[in-house]
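Taking it in order: structure first as structure tokens, then the write-up.
Note: hydrogens, waters and symmetry copies are ignored here, and every other heavy atom, side chains too, is used. First listed ligand is number 1; within each ligand, the first listed atom is number 1.
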Amino acid sequence: MGDSSPSVPEPGVGNASSDAGSAGNLAGRRAVVTGAGSGIGAAVARRLAAAGATVVAVDRTADAVEEVAAEIDGHPLVTDLSDPDDAADVGEGADIVVNNAGMQHVAPVHHFPPDVFSRLLTVMLESPFRIIRTALPGMYAREWGRIINISSVHGLRASPFKSAYVTAKHGLEGLSKTVALEAAGYGVTSNCICPGYVRTPLVEQQVAEHAVLHRVPREQVVEDVLLSHTAVKRLVEPDEVAELAAWLCGPASGSVTGSSFPMDGGWAAQ
Ligand code: NAD
């Protein structure tokens, strides 16, 4: 890039804590994390802030995201990503984008409500596209950027009754790889993290509903339903996902792009 490009922040400035670890020092970097009010997004926001990044914590739930932002000295941004035009503004000025906001709906295809299908695709695919689209020019100018898409094992494998979710996550995988190819010459990487079941409110709710519906104990739902595909017989923890996201921003990550990282206890190995 030309001499007129804004300079990349010097390493070592700012206030990364001593546990910055594999993320390196992200001081001077602006990280936009969607769905930061809960679960994986909150863990990623905390982890990137611990590495020194200034975090813009995005969520539609005001109370939750304001609490997380206050805790990490970040900036809350209350936005509903079901409006792609609102999503476009979210990417402004980002050095790191973590597309994480998401939800689930379970129904057979022939009963799946079309409006719900459309909303899931908007929040989990079109809005990530709009955020990335806005963020890339600044990343290109600064010759550094990190796009991290929180996909799922369902970006790599299908399950019945989750047509919108599986479709959105497979689409996100394609978007991530395309961005990786276009952005590689500018020091910008794009990758997916593909967790299996993670211990978050999204999953706790599914477990509780299933337990009531089938009149079985919660533990049995986790063991017999959630972990039936996995070799590692426990849920993934949000902090484990956050640690991988941090590594993808770190000094050893420059050649890692267009990749998808299952963190699924071996599910996708089958
Ligand atoms: P969660 O429900 O704990 O958190 C999701 C957050 O996204 C919430 O704070 C919610 O308010 C926010 N959100 C949802 N719709 C939004 C919208 N329209 N606009 C703005 N914010 C919105 O869920 P989680 O388990 O932490 O999931 C986070 C991501 O990880 C999702 O993309 C999910 O598909 C993915 N994932 C989760 C698991 C799992 O087992 N929990 C597994 C694989 C992938």
With respect to atom 13 (N) of ligand 1, which of Ala101, Ala87, Ala168 exhibits the smallest heavy-atom separation? Ala101
Do NZ/NE/NH1/NH2 and the carboxylate oxygens of Lys233 and Glu223 come within less than 4.0 Å? no
Specify side chain, backbone, both or neither for Thr79, according to which of its non-hydrogen atoms lie closer than 4.0 Å to ligand 1. backbone
Salt bridge flag under 4.0 Å for residues Arg234 and Glu240: yes
Show the atoms of ligand 1 that are less than 4.0 angstrom away from any heavy atom in Gly39. 3 (O), 26 (O)
Does atom CG (Asp83) have a neighbourhood of more than 12 heavy atoms from anything else shown, all under 6.0 Å? yes
To atom 18 (N) of ligand 1, the nearest of Val153, Asp80, Ile193 on a heavy-atom basis is Asp80
min-distance protein heavy atom vs atom 29 (C) of ligand 1 -> Asn100 O, 2.9 Å
Report yes if the side chains of Trp267 and Tyr197 come closer than 4.5 Å at any heavy-atom pair, otherwise no. yes
For atom 7 (O) of ligand 1, the option (of Gly35, Gly41, Pro128) bearing the nearest heavy atom: Gly35
Taking atom types as modelled and ignoring hydrogens, do the side chains of Ser253 and Arg146 form a donor-acceptor contact shorter than 3.5 angstrom? yes
I need the nearest protein heavy-atom contact for atom 9 (O) of ligand 1: residue, atom name and distance, please. Asp59 OD2, 2.6 Å
Note: Asp86-Arg130 ion pair, threshold 4.0 Å (strictly below): no
What's the shortest distance from atom 1 (P) of ligand 1 to any protein heavy atom, and which residue and atom give it? Ser38 OG, 3.6 Å
Assess whether a salt bridge exists between Arg47 and Asp239, defined as any Lys/Arg side-chain N lying under 4.0 Å from an Asp/Glu carboxylate O. no
Of the non-hydrogen atoms in Asp95 and Met139, which two are nearest, and what is the gap between them? O-CE, 3.3 Å
Ignoring hydrogens, just give me the one of Asn99, Val98, Ile40 whose non-hydrogen atom is nearest atom 37 (C) of ligand 1. Ile40
If we set the cut-off at 4.0 Å for heavy atoms, which region of Ser151 has an atom near ligand 1: side chain, backbone, both, or neither? backbone
For His154 and ligand 1, answer yes if some heavy atom of the residue is under 4.0 Å from a ligand atom, otherwise no. no
Under 4.0 Å to a heavy atom of Ser82 - the qualifying atoms of ligand 1, by number: 18 (N)
Checking contacts here: is it the side chain or the backbone of Val123 that comes within 4.0 Å of ligand 1, counting heavy atoms only? Could be both or neither. side chain
Atoms of ligand 1 less than 4.0 Å from Val203 heavy atoms? 39 (C), 40 (O), 41 (N)
Heavy atom under 4.0 Å from ligand 1: found in Arg199's side chain, backbone, both, or neither? neither
I'd like to check which ligand 1 atoms, numbered from 1 as shown, lie under 4.0 Å from a non-hydrogen atom of Tyr165. 33 (C), 34 (O), 35 (C), 36 (N), 43 (C), 44 (C)
Report yes if some N/O of Arg60 lies less than 3.5 Å from some N/O of ligand 1; otherwise report no. yes
Part of Thr200 with heavy atoms under 4.0 Å of ligand 1, whether side chain, backbone, both or neither: side chain
Shared ILVMFWY cluster between Leu48 and Val256, side chains joined below 4.5 angstrom? yes
Between Tyr165 and His105, does the ring centroid distance fall short of 6.0 Å? no
Measure Leu81 to ligand 1 on non-hydrogen atoms and call it side chain, backbone, both or neither using the 4.0 Å cut-off. both
For Ser176 and Ser190, test the side chains for any donor-to-acceptor distance below 3.5 angstrom and give the result as yes or no. yes
Counting from 1 in the order shown, the ligand 1 atoms closer than 4.0 Å to a non-hydrogen atom of Thr61 are 11 (O)
Taking the non-hydrogen atoms of Pro201, is any one of them nearer than 4.0 angstrom to ligand 1? yes
Shortest reach to atom 2 (O) of ligand 1 by a heavy atom, considering only Leu202, Val44, Thr122, Asp264: Leu202
Take every heavy atom of Gly196, measure it against each atom of ligand 1, and state whether any distance is under 4.0 Å. yes
If you measure every N or O of Pro195 against every N or O of ligand 1, does any of those distances drop under 3.5 Å? no
Quick check on Glu204: does its CD atom have over 12 non-hydrogen neighbours (other residues, nucleotides or ligands) under 6.0 Å away? yes
Can you confirm whether the side chains of Thr54 and His75 place a donor and an acceptor under 3.5 Å from each other? no
